[in-house]
Amino acid sequence: MSQAFSHRVLPYDRADDLLDGALPFLREGIEGGDRVLAVTTLAMHMLLRDTLGADAAGVEFFESDKWYAHPARYLADTLALAETAAWQKRRLRVLGEPTWARRGRLELLEWQRVEAITNAAFADTGAAMLCAYSRSLPAGVVAASRQTHPETARGRTTLANPGYQEPWAYNARLDAAPLPPAPDDSLDLDIEVADLYWIRAYVTDFARRTPLPEDDLQRLLVAVTEVVTNALRHGRPPITLRLWLEPGELVCEVTDHGHWTERTGFGLIPPKPVGGAGRFGLWAVRLLCSIVQIRTGRDGTTVRLRLQVPAVAAQLPVNSA
């Protein structure tokens, strides 16, 4: 792929501002034979179709809410499209408007992390991404967009973002703050032997006292098995598994006294089909859970898994003892 990957933010106040930047971007792709996607709201779909006229036939339209439903799955699916287009000697070109409304604080941080990691994950694909950000969004979201995108688009003009941060540095900054401690009433299990059958039964018993759907329980069991196995193989005792409920979430945490020293990204980027040994497990865990939080240092390593459940789960007893 001879074209360089580009990742630009398009701040806008009004629909006309968005169109001034989006239309040249889309038309350039249509004329160049790119695979062109517009991932926005239904209202913006209608406006783009009307303005593009016959050229709209060269654009594939997708809804933001569905496209940006899960961070890791979004990254995997979009990267697969970019790599397929590159193999076909085409360029993937995406006008995207990430969904920021109605997301909690941890979700916002995770999607900002994805925006940063995009610069590393797509670096060799030759794809072009233009991410629209309404200036009516919270100020922190708009400010972060200039840290996670190398350039800003203003109409047909492109400006370098002086506040842009290298993706791994941005990721490390998000992880600099320690995780809040587990609650005093968490259900704790010290793991001394690799009895995965008992561990899975222990997690199942807790989860079935919550409204966690059965499919999500199976995902949690696979994720916990992977994390515990990793701690047993590469960590240091003592190893502890903790379970608790927070409003709208089931939380499962595995801690050990090992320290991850390699800068691997902790499974943030999908591994290649070959040569990804040792990292696929964490990537699979990110696909299976709503949010994965990892902290590692001299005091040990913590992997905290979160799965969404109905908010009523927070009102249930977390310990039957």
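Here the structure is a predicted model, which means the values were calculated and not measured.
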Following the transitive rule for hydrophobic clusters with a side-chain heavy-atom cut-off under 4.5 Å over Ile, Leu, Val, Met, Phe, Trp and Tyr, establish whether [X] and [Y] coincide in one cluster.
| X | Y | result |
| --- | --- | --- |
| Val94 | Leu52 | no |
| Met129 | Ile269 | yes |
| Phe206 | Val227 | yes |
| Val222 | Leu220 | no |
| Leu130 | Leu137 | no |

For [Y], does its backbone N or O pair with a side-chain atom of [X] as donor and acceptor, under 3.5 Å?
| X | Y | value |
| --- | --- | --- |
| Asp256 | Gly258 | yes |
| Thr302 | Thr255 | no |
| Arg90 | Gly33 | yes |
| Asn119 | Thr148 | yes |
| Arg295 | Asp175 | yes |
| Arg91 | Gly126 | yes |
| Arg306 | Glu249 | no |
| Thr210 | Ala207 | yes |
| Glu63 | Lys66 | no |
| Asp17 | Arg14 | yes |

Smallest separation among heavy atoms of [X] and [Y], with atom names:
| X | Y | value |
| --- | --- | --- |
| Pro11 | Ala153 | CD-O, 3.8 Å |
| Leu79 | Ala121 | CD1-O, 3.5 Å |
| Val142 | Ser134 | CG2-O, 3.7 Å |
| Leu189 | Trp198 | CD1-NE1, 4.0 Å |
| Trp283 | Ala76 | CZ2-CB, 3.5 Å |
| Asp205 | Arg209 | O-NE, 3.5 Å |

Side-chain contact test, heavy atoms from C-beta onward, threshold under 4.5 Å: evaluate it for [X] versus [Y] and give yes or no.
| X | Y | value |
| --- | --- | --- |
| Tyr164 | Val9 | no |
| Val285 | Asn230 | no |
| Met44 | Phe61 | no |
| Arg103 | Trp111 | yes |
| Asp216 | Gln308 | no |
| Leu26 | Leu48 | yes |
| Leu282 | Ile294 | yes |
| Arg286 | Glu110 | yes |

Phe62 and ring-ring contact (aromatic ring centres under 6.0 Å, His included): which partner among Trp67, Tyr74, Tyr68?
Trp67
Can you tell me how far apart [atom1] ([X]) and [atom2] ([Y]) are? Round to the nearest 0.5 Å.
| X | Y | atom1 | atom2 | value |
| --- | --- | --- | --- | --- |
| Ser290 | His70 | OG | NE2 | 5.5 Å |
| Tyr202 | Leu221 | OH | CG | 14.0 Å |
| Ile30 | Phe25 | CD1 | CZ | 10.5 Å |
| Leu245 | Ser186 | CG | OG | 11.0 Å |
| Leu232 | Ile239 | CG | CD1 | 4.5 Å |
| Asp184 | Trp244 | CG | CH2 | 11.5 Å |

More than 12 heavy atoms of other groups within 6.0 Å of [X] [atom1]:
| X | atom1 | value |
| --- | --- | --- |
| Arg173 | CZ | yes |
| Glu192 | CD | no |
| Asp299 | CG | no |
| Arg135 | CZ | yes |

Measuring centre to centre across the rings, with the benzene-like ring taken for any Trp, is Tyr133 within less than 6.0 Å of His149?
yes
Steps toward side-chain contact (heavy atoms from CB on, under 4.5 Å) verdict (Thr84, Arg35):
CA-CA 10 Å; Thr84 299; Arg35 182 173 183 184; 5.9 Å; no
Arg93 and Glu28: CA distance, side-chain angles, deciding distance, side-chain contact (heavy atoms from CB on, under 4.5 Å) verdict
CA-CA 10 Å; Arg93 181 177 293 259; Glu28 181 181 349; 3.8 Å; yes
Run the side-chain contact (heavy atoms from CB on, under 4.5 Å) test on Gln218 and Asp215 for me, step by step, so that the C-alpha distance in whole Å, both residues' side-chain angles and the decisive distance to 0.1 Å come before the verdict.
CA-CA 5 Å; Gln218 297 308 313; Asp215 287 350; 5.6 Å; no
Evaluate side-chain contact (heavy atoms from CB on, under 4.5 Å) for Asp65 paired with Arg102, printing each intermediate quantity in order.
CA-CA 11 Å; Asp65 285 349; Arg102 301 182 303 279; 3.9 Å; yes
Could Asp188 and Arg242 be called an ion pair, given the rule that one side-chain N must be under 4.0 Å from one carboxylate O?
yes
